[in-house]
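From a predicted model like this one, the values you see are computed outputs, not experimental measurements. Proteins come first, then strands; the chains are lettered A, B, ... in the order of their sequence lines, and each starts at number 1.
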2 protein chains.
Amino acid sequence: MTLDAETKAVETPEDHAEELRLWLRLLTCTNLIESEIRSRLRERFDVTLPRFDLMAQLDKAPDGMTLSDVSKRMMVSNGNVTGLVERLVESGHLDRRTSDTDRRVQVIRLTKLGRAEFRKMAGEHETWIADIFADLTERDVRELMRLLAKAKGSAQNAVQRRDA
Amino acid sequence: MTLDAETKAVETPEDHAEELRLWLRLLTCTNLIESEIRSRLRERFDVTLPRFDLMAQLDKAPDGMTLSDVSKRMMVSNGNVTGLVERLVESGHLDRRTSDTDRRVQVIRLTKLGRAEFRKMAGEHETWIADIFADLTERDVRELMRLLAKAKGSAQNAVQRRDA
DNA sequence: TGCAATTCTTTTATGCTTCAAGCAATTGGC
DNA sequence: GCCAATTGCTTGAAGCATAAAAGAATTGCA
């Protein structure tokens with residue numbers, strides 16, 4: 001069996017068609033769900049996904065966060081956060097102030113309005129997700145969690161290898 | 001057991017925390033891989049993922065495709081395709097002509113240059129994906145494929161229900 | 001103390017993405 | 001043959017996203 005596998009690996013340069021199909025399926029599945037969530041957020045609350053995600057971060061940080069913190073947590077660029085925050089301050093959902101101890105730092109937090117709206121959205125959002133995964137059994141969910149964790153680890157290793 | 005479950009369902013409005021965590025994991029996992037692929041495409045070939053995806057569609061259609069076809073296949077808006085195609089024609093990767101039988105229709109196909117470059121990129125791309133999923137066993141891949149298919153079906157059902 | 005390096009944020013240029021509105025060509029019913 | 005509806009594409013406005021450069025403030029070290 002081991003010999004066979006090795007022989008094959010030498011004969012045909014490599015067959016990675018399965019992995020490729022897995023990647024495509026992962027991507028389609030995620031995109032399908034993501035675009036459904038975007039639609040519902042837009043329709044129901046007239047809000048975009050990036051705005052929702054930013055508010056979700058801030059909801060977990062009652063004392064506020066710096067723009068850098070947000071940028072790291074959301075895994076998006078600094079410049080991106082600057083613009084996003086600007087629009088959310090504009091609409092009254094966020095409060096932004098310069099830190100007392102370091103004038104380079106901007107601290108943002110949810111306003112009362114922002115928090116109230118987010119909580120409302122988050123509640124519905126959770127039911128949408130449940131609805132979307134309704135056909136999966138508890139066991140399916142557990143297995144997916146496990147395999148996705150493994151896949152994520154594998155991807156992180158690949159990133160590491162390249163960065164090295 | 002059944003009674004218990006039902007009782008619980010009535011008492012606590014619902015607990016969908018697991019599904020929510022599954023969604024977040026699916027999203028992070030996909031984003032991690034996608035951004036790694038974007039980086040590599042950019043570094044190695046100075047090309048963006050949307051351009052690569054569009055060329056991938058055209059590589060499978062030697063006789064060309066209409067913009068609408070591309071738009072459906074890629075699941076993006078018409079206006080998006082218009083701009084994408086414009087830039088790829090500009091750079092010499094695509095050939096675009098008005099259909100003989102219907103002057104509304106634009107038919108695009110890869111140029112010789114476009115095809116050559118795409119083939120080169122596609123080859124490396126496949127090895128990147130294999131590298132990214134290297135820690136998964138064959139069995140893991142099969143299981144993930146199966147569960148993602150189920151998840152996709154579940155999501156499609158949810159979309160259907162909402163559209164209805 | 002002074003100044004170089006670092007850190008935090010913003011700005012700029014470019015590209016992707018959507019939706020909505022609009023234009024051009026074709027089709028279908030009368 | 002005519003005209004309304006449909007189809008295919010483009011345009012325009014707004015938002016999201018990045019990388020790179022630059023501007024401010026702080027830190028650390030000689």
Side-chain angles (χ1 to χ4, degrees), chain A residues 27 30-32 34-43 45-57 64-91 93-94 96-108, chain B residues 27 30-32 34-55 57 64-91 93-94 96-108:
Chain A
L27 193 56
T30 303
N31 286 345
L32 175 64
E34 188 172 325
S35 85
E36 178 67 9
I37 298 295
R38 279 182 202 273
S39 295
R40 296 197 192 195
L41 281 174
R42 182 181 205 294
E43 258 181 41
F45 300 111
D46 193 31
V47 79
T48 64
L49 187 53
R51 277 168 158 90
F52 178 79
D53 287 343
L54 176 43
M55 288 196 268
Q57 292 301 327
M65 297 174 79
T66 68
L67 296 203
S68 293
D69 287 346
V70 172
S71 163
K72 272 170 213 138
R73 285 296 197 79
M74 294 181 70
M75 301 195 292
V76 299
S77 68
N78 280 343
N80 193 355
V81 173
T82 296
L84 217 39
V85 165
E86 202 162 281
R87 286 182 290 270
L88 278 165
V89 168
E90 174 68 25
S91 64
H93 293 85
L94 257 55
R96 163 207 219 126
R97 62 186 51 171
T98 303
S99 161
D100 292 332
T101 57
D102 186 338
R103 274 175 301 171
R104 286 169 307 180
V105 174
Q106 300 289 311
V107 177
I108 54 174
Chain B
L27 193 54
T30 303
N31 286 345
L32 174 64
E34 188 172 324
S35 83
E36 179 67 7
I37 297 296
R38 279 183 202 273
S39 295
R40 296 196 191 196
L41 281 174
R42 183 182 201 291
E43 258 181 40
R44 187 80 179 77
F45 301 110
D46 193 31
V47 78
T48 64
L49 187 53
R51 277 167 159 91
F52 178 80
D53 287 342
L54 175 42
M55 288 196 269
Q57 292 301 327
M65 297 174 79
T66 69
L67 295 204
S68 294
D69 288 346
V70 171
S71 163
K72 270 170 214 138
R73 285 295 196 82
M74 294 182 69
M75 302 194 291
V76 299
S77 67
N78 279 344
N80 193 355
V81 174
T82 296
L84 218 38
V85 165
E86 203 162 281
R87 287 182 289 270
L88 278 165
V89 167
E90 174 68 26
S91 64
H93 294 85
L94 257 58
R96 165 208 219 123
R97 61 186 53 172
T98 303
S99 160
D100 293 332
T101 57
D102 186 339
R103 272 174 301 171
R104 287 169 306 179
V105 173
Q106 300 289 310
V107 177
I108 55 174

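How far CG of B/Leu27 is from CG of B/Leu32: 11.0 Å, rounded to the nearest 0.5 Å. Expressed to the nearest 0.5 Å, how far CG of B/Leu41 lies from CG of B/Asp53 amounts to 8.5 Å. Atom CG of A/Leu94 is separated from atom CZ of A/Arg51 by 10.5 Å, given to the nearest 0.5 angstrom.
Going from atom CZ of A/Arg97 over to atom P of C/dT9 covers 15 Å, rounded to whole Å. For A/Gln106 and D/dG23, the CD to C1' distance is 14 Å, given to the nearest whole Å. We find that CG of B/Asp46 is positioned 13 Å from C1' of D/dT18, with the value rounded to whole Å. To the nearest angstrom, C1' of D/dT18 lies 14 Å from CD of B/Glu43. Atom CD in B/Glu86 sits about 11 Å away from atom P in D/dG12, given to the nearest Å. Separating the CD1 atom of A/Ile108 from the C1' atom of C/dT9 is a distance of 12 Å, rounded to the nearest angstrom. Taking atom CD1 of B/Ile37 as the reference point, atom C1' of D/dT18 lies 17 Å away to the nearest angstrom. Note: CZ (B/Arg103) to C1' (C/dT27) measures 14 Å, nearest angstrom.
Applying a 4.0 Å cut-off to non-hydrogen atoms, none of the residues of residues 64-72 of chain A approaches DNA chain D.
Few gaps surround CZ on B/Arg40; more than 12 heavy atoms of other groups in view lie less than 6.0 Å from it.
For the pair A/Pro50 and A/Arg38, the minimum side-chain heavy-atom distance is below 4.5 Å. Residues A/Val107 and A/Met65 have side chains not in contact (no heavy-atom distance under 4.5 Å, counting atoms from C-beta outward).
At distances below 3.5 Å, at least one donor-acceptor pair connects side-chain atoms of B/Ser71 with backbone N or O atoms of B/Val76. Checked by atom type and distance alone, the side chain of B/Ser91 pairs as donor or acceptor with a backbone atom of B/Leu88 at under 3.5 Å.
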The test is side chain to side chain donor-acceptor pair (under 3.5 Å); show your working for B/Ser99 and B/Thr101 and say whether it passes.
CA-CA 6 Å; B/Ser99 160; B/Thr101 57; 3.2 Å; yes

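The 5' end of DNA chain D is approached more closely, in terms of each residue's nearest nucleotide, by B/Arg96 than by the other of A/Asp102 and B/Arg96.
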Pairs under 3.5 Å (N/O, protein and nucleotides 17-21 of chain C):
{"unit_1": "C/dT17", "atom_1": "OP2", "unit_2": "B/Asn80", "atom_2": "ND2", "d": "3.4"}
{"unit_1": "C/dT17", "atom_1": "O5'", "unit_2": "B/Asn80", "atom_2": "ND2", "d": "3.0"}
{"unit_1": "C/dT18", "atom_1": "OP2", "unit_2": "B/Ser77", "atom_2": "N", "d": "2.8"}
{"unit_1": "C/dT18", "atom_1": "OP2", "unit_2": "B/Ser77", "atom_2": "OG", "d": "3.0"}
{"unit_1": "C/dT18", "atom_1": "OP2", "unit_2": "B/Asn80", "atom_2": "ND2", "d": "3.2"}

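A donor N or O paired with an acceptor N or O is found under 3.5 Å between the base of C/dT7 and the side-chain atoms of A/Arg104.
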